[in-house]
There are 2 protein chains.
Amino acid sequence: MSVGTRAHRPRTRIQREKRELILEAALEVFSAHGFRGSTIDQIAEAAGMSKPNLLYYFRRKEDIFTTLIHRLMETWLAPLHELDNVGDPMTELRGYIRRKLEMARDYPRESRLFANEILQGAPRIMLLLEGELKALVDEKAEVIRGWMRDGKIARCDPRHLIFSIWATTQHYADFDVQVRAVLGPDRGGDGRFEDAARFLEQLYLEGLRP
Amino acid sequence: MSVGTRAHRPRTRIQREKRELILEAALEVFSAHGFRGSTIDQIAEAAGMSKPNLLYYFRRKEDIFTTLIHRLMETWLAPLHELDNVGDPMTELRGYIRRKLEMARDYPRESRLFANEILQGAPRIMLLLEGELKALVDEKAEVIRGWMRDGKIARCDPRHLIFSIWATTQHYADFDVQVRAVLGPDRGGDGRFEDAARFLEQLYLEGLRP
DNA sequence: GCAAATTTTGACCGATTGGACAAACGTTAG
DNA sequence: CTAACGTTTGTCCAATCGGTCAAAATTTGC
């Protein structure tokens with residue numbers, strides 16, 4: 001009997017290990033080829049097991065994907081959660097941009113996985129977007145609006161500010177090949193994230209000065 | 001004999017019309033599901049013809065895709081071509097941002113098609129990126145650098161400036177469902193492009209002030 | 001109007017894919 | 001040791017997909 005069918009039996013050590021192995025392999029494959037572009041065989045091979053064996057731990061291809069994307073959602077939104085009004089507003093925002101850019105650098109697969117899902121119309125995470133994500137953005141937008149009322153940063157639409165930070169930082173993960181191609185072999189090799197950080201820091205520092 | 005196999009016979013009226021019909025249908029399907037996520041049957045149905053009939057005009061699925069993406073590349077880069085140093089630098093940049101945002105609003109399918117291709121590693125347009133695109137960006141980066149030397153705009157890396165404009169504007173096409181979900185039914189319905197234009201205009205106007 | 005060329009269609013094919021299943025193999029607790 | 005449970009594998013299947021092909025239907029040039 002497969003793992004999924006057993007009703008609420010606690011997970012075995014092997015089950016925990018193998019499921020992690022599969023999810024790691026699936027992240028690699030899904031982020032590179034998208035959902036439909038990936039096959040169970042590819043994931044199974046990347047995880048070092050046979051296809052029926054993989055299907056013993058996840059009954060359907062889609063189960064792997066949804067498990068993966070729901071889990072990643074938390075880590076992906078962590079930087080925004082950290083944004084609060086304890087420190088200096090400009091420092092807070094700069095820190096947020098820096099953390100988002102670091103995530104694009106260190107977790108490009110996660111970024112591309114999300115981008116792919118959103119591009120396809122987000123069929124599997126629409127409820128998450130309308131629920132948790134919207135609530136989080138609304139909450140943080142209110143924090144930012146407070147900064148504006150206090151005259152700490154320039155007045156603007158805080159939600160579009162958040163969008164622009166998402167867009168500019170994730171661009172370096174999602175459009176990596178384009179960035180590399182345009183920058184050429186010299187600056188595309190490395191250090192492009194430092195350049196990006198410098199540029200974005202300046203843009204937002206000056207652009208949001210009250 | 002199929003259209004592709006005949007050696008350089010001029011295109012019939014029907015061939016021109018039907019090929020356009022197919023490319024329009026393919027844009028619709030490919031932009032929604034990506035290359036591997038789309039089937040010839042889907043495209044054929046969207047174009048109102050049978051699969052073998054479609055394959056009479058394009059011998060392979062990939063031929064449709066490459067024809068489509070190469071043709072779109074021109075219109076997609078047109079706004080950047082228009083960026084030159086005849087007018088006031090700030091006005092030029094603001095116009096570029098506005099045009100890019102209008103393209104995201106009016107041609108979201110094209111934007112998503114490109115995004116999808118880049119996300120998959122740009123296997124079919126890598127040469128274009130390293131060739132035409134890089135050359136164009138290099139050229140325009142030099143124009144922008146000239147503005148900086150003249151003290152017209154703040155000094156920064158012009159290529160990352162271009163990246164950020166691409167990212168922020170195309171975000172409203174590629175991540176449309178996310179933007180709508182976060183903004184909610186009220187502002188997601190319409191007018192979000194005006195809000196975005198206002199925000200971006202302010203961000204870049206202030207952020208690039210010399 | 002007719003022959004040649006073009007266009008359309010239905011039937012078909014091999015490869016791939018997601019998934020089912022039962023049997024074999026391993027592991028572990030008593 | 002052994003019985004129960006967990007894990008792995010080989011085999012198989014139906015559906016889908018990209019693409020072929022020959023024949024039928026239509027259009028075009030003269």
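Residue numbering restarts at 1 for every chain, and letters A, B, ... go by the order of the sequence lines. For clarity, every value in this text was computed on a predicted model and none was experimentally measured.
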Does a side-chain N or O from A:Lys18 land closer than 4.0 Å to OP1 or OP2 of D:dT8, or not?
yes

Tell me the bend of the helix from C:dG1-D:dC30 to C:dG30-D:dC1 as the angle between end helix axes, each from five pairs, rounded to the nearest 10 degrees.
20°

Check the distance between C:dT6's P and B:Arg16's CZ and give it to me in whole angstrom.
14 Å

When you check the gap from the basic side-chain N to the acidic O, do A:Arg98 and A:Glu82 get nearer than 4.0 Å?
no

Which nucleotide in C:dT9, D:dT8, C:dT7 has an atom nearest any side-chain atom of B:Ser50
C:dT9

Send over the distance from A:Phe58 CZ to C:dG18 P, rounded to a whole Å.
16 Å

B:Glu45 CD - C:dT9 P separation (whole Å):
14 Å

When you measure only distances, ignoring hydrogens and angles, does the side chain of B:Lys61 come within 3.5 Å of the base of D:dG19 through a donor and an acceptor?
no

Of C:dG19, D:dT7, C:dT9, the nucleotide closest to the side chain of A:Tyr57 is D:dT7

Using a cut-off of less than 4.0 Å, is there contact between a side-chain N or O of A:Asn53 and OP1 or OP2 of D:dT7?
no

Side chain of A:Tyr56: nearest nucleotide among C:dT9, D:dG6, D:dG19?
D:dG6

Could you tell me the separation between the CZ atom of A:Arg36 and the P atom of D:dG18, rounded to a whole number of Å?
8 Å

Toward the 5' end of DNA chain C, by each residue's nearest nucleotide, B:Met49 or A:Pro52:
B:Met49

Would you indicate whether B:Glu132, at its atom CD, is surrounded by more than 12 heavy atoms from other residues, nucleotides or ligands within a distance under 6.0 Å?
no

Output the rounded distance in Å from CD (A:Glu17) to P (D:dT7).
10 Å

How are the rings of B:His171 and A:Phe163 set to each other: parallel, tilted or perpendicular (split at 30° and 60°)?
tilted

Nearest-nucleotide pick for A:Ile40, side chain only, options being C:dT17, C:dG19, D:dT8
C:dG19

Expected output: side-chain B:Lys51 to main-chain B:Ile40 donor-acceptor under 3.5 Å:
no

How many Å lie between CD1 on B:Ile43 and C1' on D:dG19, as a whole number?
14 Å

Does NZ or CZ of B:Arg124 lie under 6.0 Å from the centre of the six-membered ring of B:Phe35, at an angle within 45° of the ring axis?
yes

Starting from C1' on C:dT7, measure out to NZ on B:Lys51 and report it in whole angstrom.
18 Å

Should we count CD of A:Gln42 as having more than 12 external heavy atoms under 6.0 Å?
yes

Between D:dT8 atom P and A:Leu21 atom CG, what is the distance in whole Å?
10 Å

If you draw a 6.0 Å radius around CZ in B:Phe193, do more than 12 non-hydrogen atoms from other residues or ligands fall strictly inside?
yes

